[in-house]
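To start, the structure itself, in structure tokens.
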Amino acid sequence: MSSSTPSLPLTRTGVVIVGAGPAGLTVANLLRAAGVDCVVLEAESREFIEQRPRAGFMEERVVRALARHGLADRLLERAETQGEFEFRFEGERHTVRTAELSGRRHFVYPQPLLVTDLVASYADTAGGEVRFGVREVRLHGIDGDRPAVSYTDPVTGERHRIECDFIAGCDGARGVSRASIPDGRTVLSRHDHGVAWLALLAEAPPSADGVIFGIHERGLGAHMARSPEVTRYYLEIAPGEGADDWSHARVWDELRTRLAAAGAPPVAEGPLLEKVVLGMHNYVVEPMAHGRLYLAGDAAHLVAPIAAKGMNLALHDALLLADALIAHYRGDGSGLAGYSQACLRRVWQYLEFSQWLSEVLHGASSGDRFRAGTATARLRRLLGSEAAGKAFARLYLGEDADL
């Protein structure tokens, strides 16, 4: 890629952060607090990123890390916590008390609220710079010691160029950062679970306090409380089916069937605010860095939402990357040298756990008697053995992911 575009107005900073999601904004906040100059570039508007529906489960480990940096005040005030969830299969209810087994809880705090908090902390409180709505972002010179990022101003149409020391690529799976790495410099590993989920947001009160996984031969049905008025549901659907194939009546009929169990309260029905099809696949980019470009979050890896790990993993990356960049400016480059390896250790643990849980959740509907039988065996071992329950709970809550 071209390393010079003389016609562009030139500015300079220490770190250009591409993407104002949880990862990018966490990096920005930590750098700003440490006195490292940075600027954030975001393709969408501030209003859009503060309203975009996304994940809602945060590991206690991640919340405590944000709190140490003063980034979790509103989260700790407003978020509910969950310390157990429920499997339903063969008409029975089985509770897994993760808090008792692991000593940790999940925090329920939708990503748009976290993004809103992080933007306010960085831009409004600390005076950090975010340039929203930028177009045609390009990365330059990432192999050299003078990288740069250029973009088109959405109002004037003028091209701008920012030279920097480092680029943090936090712009997701379809962003420009990963695509800017020359061919052959990274390895992309991918795994497809062979199923799809219909993600639903319903204007209906939760039918239970926490998460329910309904394991059924017709497919998985899942319930996740979001607020007193809104509930997230998932339905396993056939690959190739679209959201329009699922009418209001069909959605609720299937949810009632797949979440049915003796003694369970009825599923509360309400208007569907969102219907989105999610392909259940994972990928990993190795290494997560090239030259002066460092990837974080979905730009580097994607974990299917089977175990609610995506946002937690992105924040883990961001915390490591920010610490490494700050250490560099203080004379220690070891953190940047080891950044990719440190991140990937947790990435692969989460991918393995997600794959294990996927087999448990989807085995009954696979049409394969062997997979269905082994999935049931795994589930019964998890429910019947305290040691297995503790091991599961610690991974589910993110406590053993660095082993």
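Remark: H223 pairs with Y233 by the ring-ring contact (aromatic ring centres under 6.0 Å, His included) rule, at least two apart or across chains. Under the salt bridge (Lys or Arg N to Asp or Glu O under 4.0 Å) criterion, E100 pairs with no residue, sequence neighbours left out. Taking F353 as the reference, F392 meet the ring-ring contact (aromatic ring centres under 6.0 Å, His included) condition, with sequence neighbours excluded. Residues satisfying the side-chain contact (heavy atoms from CB on, under 4.5 Å) test with E241, not counting sequence neighbours, are I237, A238, D245, W246, R250. Residues that satisfy the salt bridge (Lys or Arg N to Asp or Glu O under 4.0 Å) test with R46, not counting sequence neighbours, are E50, D124. Here F166 pairs with H328 under the ring-ring contact (aromatic ring centres under 6.0 Å, His included) rule; sequence neighbours left out. When the salt bridge (Lys or Arg N to Asp or Glu O under 4.0 Å) test is applied to R380, the partners found at least two apart in sequence or on another chain are E90. Applying the side-chain hydrogen bond (donor to acceptor under 3.5 Å, both in side chains) test to R381 and every residue at least two apart in sequence or in another chain returns nothing. Under the ring-ring contact (aromatic ring centres under 6.0 Å, His included) criterion, F87 pairs with F85, F213, sequence neighbours left out.
A donor-acceptor contact shorter than 3.5 Å links the side chain of R258 to the backbone of L220.
Side-chain atoms of L295 and H290, non-hydrogen and from C-beta on, never get closer than 4.5 Å to each other.
Shortest non-hydrogen contact noted between S150 and R159 is OG-NH2, 2.7 Å. Of all the heavy atoms in G363 and A375, the pair that sits closest is CA-CB, 3.9 Å.
Residue-environment remark: CZ (R218) stays at or below the threshold of 12 foreign heavy atoms within 6.0 Å.
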Check: residues 183-193 side-chain donor-acceptor pairs under 3.5 Å, at least two apart:
{"unit_1": "D192", "atom_1": "OD1", "unit_2": "G194", "atom_2": "N", "d": "2.8"}
{"unit_1": "H193", "atom_1": "ND1", "unit_2": "S358", "atom_2": "OG", "d": "3.1"}
{"unit_1": "H193", "atom_1": "NE2", "unit_2": "N282", "atom_2": "ND2", "d": "3.2"}

Sequence neighbours left out, cut at 3.5 Å: what donor-acceptor pairs do the side chains of residues 23-33 make with other protein atoms?
{"unit_1": "T26", "atom_1": "OG1", "unit_2": "P22", "atom_2": "O", "d": "2.7"}
{"unit_1": "N29", "atom_1": "OD1", "unit_2": "S121", "atom_2": "OG", "d": "2.8"}
{"unit_1": "N29", "atom_1": "OD1", "unit_2": "Y122", "atom_2": "N", "d": "3.2"}
{"unit_1": "N29", "atom_1": "ND2", "unit_2": "L25", "atom_2": "O", "d": "2.9"}
{"unit_1": "N29", "atom_1": "ND2", "unit_2": "L118", "atom_2": "O", "d": "3.1"}
{"unit_1": "R32", "atom_1": "NE", "unit_2": "A126", "atom_2": "O", "d": "3.0"}
{"unit_1": "R32", "atom_1": "NH2", "unit_2": "A126", "atom_2": "O", "d": "2.9"}
{"unit_1": "R32", "atom_1": "NH2", "unit_2": "G127", "atom_2": "O", "d": "3.2"}

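Ring centroid separation for the pair Y396 and H106 comes in under the 6.0 Å cut-off.
For residues 306-328, every residue pair satisfying the salt bridge (charged side-chain N to carboxylate O under 4.0 Å, His left out) rule, not counting sequence neighbours, is listed here: E59-K309.
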